[in-house]
Amino acid sequence: MRRVGVWLFSAVLMFVLSACSGGGASTSAPAEQTPAAQQPQPAAEEAKKDPVELVMYSWRPEDKEAYEGFIAEFQKMHPHVKVNFRSFKSTEYNTILTNSLTAGSGVDILQLRPYAGAASIADAGYLLPIDDVPGVADIPQSYLDAARGEDGKVYGVPLFINSAVIFYNKQLFQDHGLQTPTTWEEFLQVCEALSQKGIIPVAQAGKAAYLLSYTHNVIGTSAFGGEEYVEKLLSGEVNFTDPAFKESIKRMSDLVPYFPKDFIAIDDKDAQALFYTGKAAMYINGSHRLETFENLNADLPLDIMPALAKEKGGETPMINWVDGSYGIAKATKHPEEARAFIQFLASKEFGQMFSDQLNRLSAIPGVVPQHPMLKKMTELSEKSMTSYMMLVHFSEGTPTTKTTFENSLQGMYIGQLAVDKVAEDTQASLEKWFQPKK
């Protein structure tokens, strides 16, 4: 069974690159030295090679323009390589990727779902290991675990660090004299106050079950205790029928009056619209939505809250995880060029561009976020962090335990499952594949 270790978010953000150089007297006579201007230039040498096209798959069409800029930077050093960035709807991506991999054609560089998603493709023999690609070994090993195969090899460069957060409209809070809540009790009080004012407290979508996981992580972590509780789950000391985990599910049920009417049939884009138009005061999702909201409404008075604390004055942890990576299809006809592109993706140059242009926390060492809200997330993570439990540790099985949990939450919302049944179904799924660590 795969075991994904608990990783420290702050490591990559506090990592400092250093280098040393030394030299000695040259043994060559001056007349034998080649002037610097006549030294072979990498880009010039690359331009002499035959043209090559790499097809790159992604599940994020909204990033297309940014990647065109990133690729242009890569092509300055590799002018003979054309990278064709092809993006697909996230909900259709897995099927399209599977068809391409099984056919053995169509894709060279592919975006990998994190943890078990990447491992399943690697273990099936569809990827090339990239451990020896320059720059990869510099990335914290715990981040590389998000794309590690059963053989222990690394098959993807981690793309970025995501955080599950509560986005909130500062102006709405200010207009109604509301303070940002830090505990579950305070959160309910704020929700009730907003509801009384005719404002939707939380713009929650439920049509896609995975969206419920984000909310559960943020709202439920303080019910069961964060990373310490995760370790108890991994060791078998507790399981998903534990009262503390059931309490986290009950909280999700208690929030129904504060979600939009018929939210279980609402798409995420509709929920986003409720938030960025000011009809809803809060929206819970991944930190990647920062870019979305700033593009949709640059004037939105936006801020974020981390997960809730167990008690007033307690730690408010950030829920973090590696959100995807890029790997090389084993069937590629251009492994040399594909490895060169992966090396570029593992570089600080790419990581800084990625963070600056897409407002994300890069997993590449030495990258410093410039956006003030990303800096805030970094500071909060350094104080207290816990992992996205279902994704990082429990996304195996058929269907996965994560999927079972999310589908059961949907069942609860349409009145088919009680809180206890959600917990029992999740535990039953876990027992089909999970072995506690010793």
Side-chain angles (χ1 to χ4, degrees), residues 54-71 83-103 105-122 124 126-127 130 143 146-147 155-164 205 207-214 267-272 285-293 295-296 320-332 338 341-342 344-345 350-351 353-355 357-363 388 390-392 395 399-400 402-403 406:
L54 298 177
V55 176
M56 179 180 184
Y57 277 12
S58 169
W59 67 72
R60 290 192 56 81
E62 56 266 55
D63 292 348
K64 188 177 191 307
E65 183 177 351
Y67 270 95
E68 288 174 349
F70 303 152
I71 291 168
V83 181
N84 180 4
F85 182 83
R86 298 189 61 191
S87 55
F88 307 93
K89 288 183 179 180
S90 179
T91 52
E92 299 173 359
Y93 182 78
N94 287 6
T95 299
I96 294 170
L97 178 61
T98 298
N99 291 340
S100 291
L101 291 175
T102 54
S105 62
V107 60
D108 301 282
I109 305 293
L110 56 150
Q111 194 169 0
L112 299 167
R113 302 289 189 182
Y115 304 102
S120 62
I121 296 176
Y126 289 117
L127 303 175
I130 61 169
Y143 287 11
Y155 289 88
V157 173
L159 186 55
F160 69 100
I161 307 302
N162 214 339
S163 302
K207 189 172 183 179
Y210 77 90
L211 296 168
L212 302 174
S213 275
Y214 290 132
D267 285 318
D268 190 31
K269 286 188 177 181
D270 296 325
Q272 293 171 32
N285 206 290
S287 55
H288 60 284
R289 285 291 172 234
L290 173 61
E291 178 211 5
T292 302
F293 290 133
N295 287 339
L296 291 170
N320 294 325
W321 69 99
V322 175
D323 198 352
S325 58
Y326 278 109
I328 303 173
K330 189 174 183 178
T332 181
F341 190 69
I342 288 294
F344 170 69
L345 296 180
F350 169 78
M353 287 191 300
F354 180 88
S355 179
Q357 294 188 35
L358 293 177
N359 292 333
R360 311 280 172 74
L361 291 168
S362 172
Y388 184 176
M390 283 295 177
L391 174 64
V392 176
S395 55
T400 70
K402 176 179 180 289
T403 299
E406 293 163 349

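Below, all heavy atoms of this structure are taken into account, side chains as well, without hydrogens, waters or symmetry copies.
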Distance from [X] atom [atom1] to [Y] atom [atom2], nearest 0.5 Å?
| X | Y | atom1 | atom2 | answer |
| --- | --- | --- | --- | --- |
| N162 | L361 | CG | CG | 8.5 Å |
| I342 | L54 | CD1 | CG | 9.5 Å |
| F350 | L159 | CZ | CG | 6.0 Å |
| I130 | L345 | CD1 | CG | 9.0 Å |
| S362 | F160 | OG | CZ | 10.5 Å |
| W321 | S395 | CH2 | OG | 13.0 Å |

Please check this pair: side chain of [X] against backbone of [Y], looking for a donor-acceptor N/O pair closer than 3.5 Å.
| X | Y | value |
| --- | --- | --- |
| N359 | E291 | no |
| Y115 | V322 | yes |
| S120 | A116 | yes |
| Q111 | W59 | yes |

Would you say [X] and [Y] make side-chain contact, with heavy atoms under 4.5 Å?
| X | Y | value |
| --- | --- | --- |
| Y57 | I109 | no |
| L358 | E62 | no |
| I71 | F85 | yes |

(request) Tell me, please, which residues at least two apart from D267 pass salt bridge (charged side-chain N to carboxylate O under 4.0 Å, His left out). (result)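 Scan of D267 (salt bridge (charged side-chain N to carboxylate O under 4.0 Å, His left out), adjacent residues dropped) gives K207.
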
(request) For D63, check salt bridge (charged side-chain N to carboxylate O under 4.0 Å, His left out) against everything at least two apart and list the hits. (result)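 Testing D63 for salt bridge (charged side-chain N to carboxylate O under 4.0 Å, His left out), a comparison that skips the adjacent residues, returns R60, R360.
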
(request) Taking all heavy atoms of A118 and all of A147, pick out the closest pair and write down the distance. (result)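 That closest heavy-atom pairing would be CB-CA, 3.9 Å.
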
(message) With side chain to side chain contact (heavy atoms under 4.5 Å, CB included) as the test, pick out the partner of L110 among I328, L101, V55.
(response)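 That would be L101; it is the only one of I328, L101, V55 passing the side chain to side chain contact (heavy atoms under 4.5 Å, CB included) with L110.
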
(request) Any chance you could lay out the side chain to side chain contact (heavy atoms under 4.5 Å, CB included) test for Q272 and R289, step after step, and finish with the verdict? (result) CA-CA 9 Å; Q272 293 171 32; R289 285 291 172 234; 3.3 Å; yes

(message) For a side chain to side chain contact (heavy atoms under 4.5 Å, CB included) check, start with the C-alpha distance between L112 and Y326, then their side-chain angles and the critical distance, and finish with the verdict.
(response) CA-CA 6 Å; L112 299 167; Y326 278 109; over 6 Å; no

(request) Any chance you could lay out the side chain to side chain contact (heavy atoms under 4.5 Å, CB included) test for Y388 and S213, step after step, and finish with the verdict? (result) CA-CA 9 Å; Y388 184 176; S213 275; 2.9 Å; yes

(message) If the condition is side-chain hydrogen bond (donor to acceptor under 3.5 Å, both in side chains), which residues does S87 pass it with, not counting sequence neighbours?
(response)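 Testing S87 for side-chain hydrogen bond (donor to acceptor under 3.5 Å, both in side chains), a comparison that skips the adjacent residues, returns none.
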
(request) Measure the acute angle between the ring planes of Y214 and H288, then classify it against the limits of 30° and 60° as parallel, tilted or perpendicular. (result)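 Tilted.
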
(request) May I ask you to check whether Y67 and S58 show a side-chain donor-acceptor distance below 3.5 Å? (result)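 The criterion, which ignores hydrogens and geometry beyond distance, is not satisfied for S58 and Y67.
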
side-chain contact (heavy atoms from CB on, under 4.5 Å) partners for [X], two or more places apart:
| X | value |
| --- | --- |
| P399 | T403, T404 |
| E92 | K89, I96 |
| A124 | Y126 |

(request) Check the pair R113, D323 against salt bridge (charged side-chain N to carboxylate O under 4.0 Å, His left out), reporting the backbone distance first and the verdict last. (result) CA-CA 7 Å; R113 302 289 189 182; D323 198 352; over 6 Å; no

(request) In plain terms, say whether K330 and D108 are close enough for a salt bridge, that is, a side-chain N and a carboxylate O under 4.0 Å apart. (result)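 Looking at D108 together with K330, the answer is no, because their closest N to O distance does not fall below 4.0 Å.
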
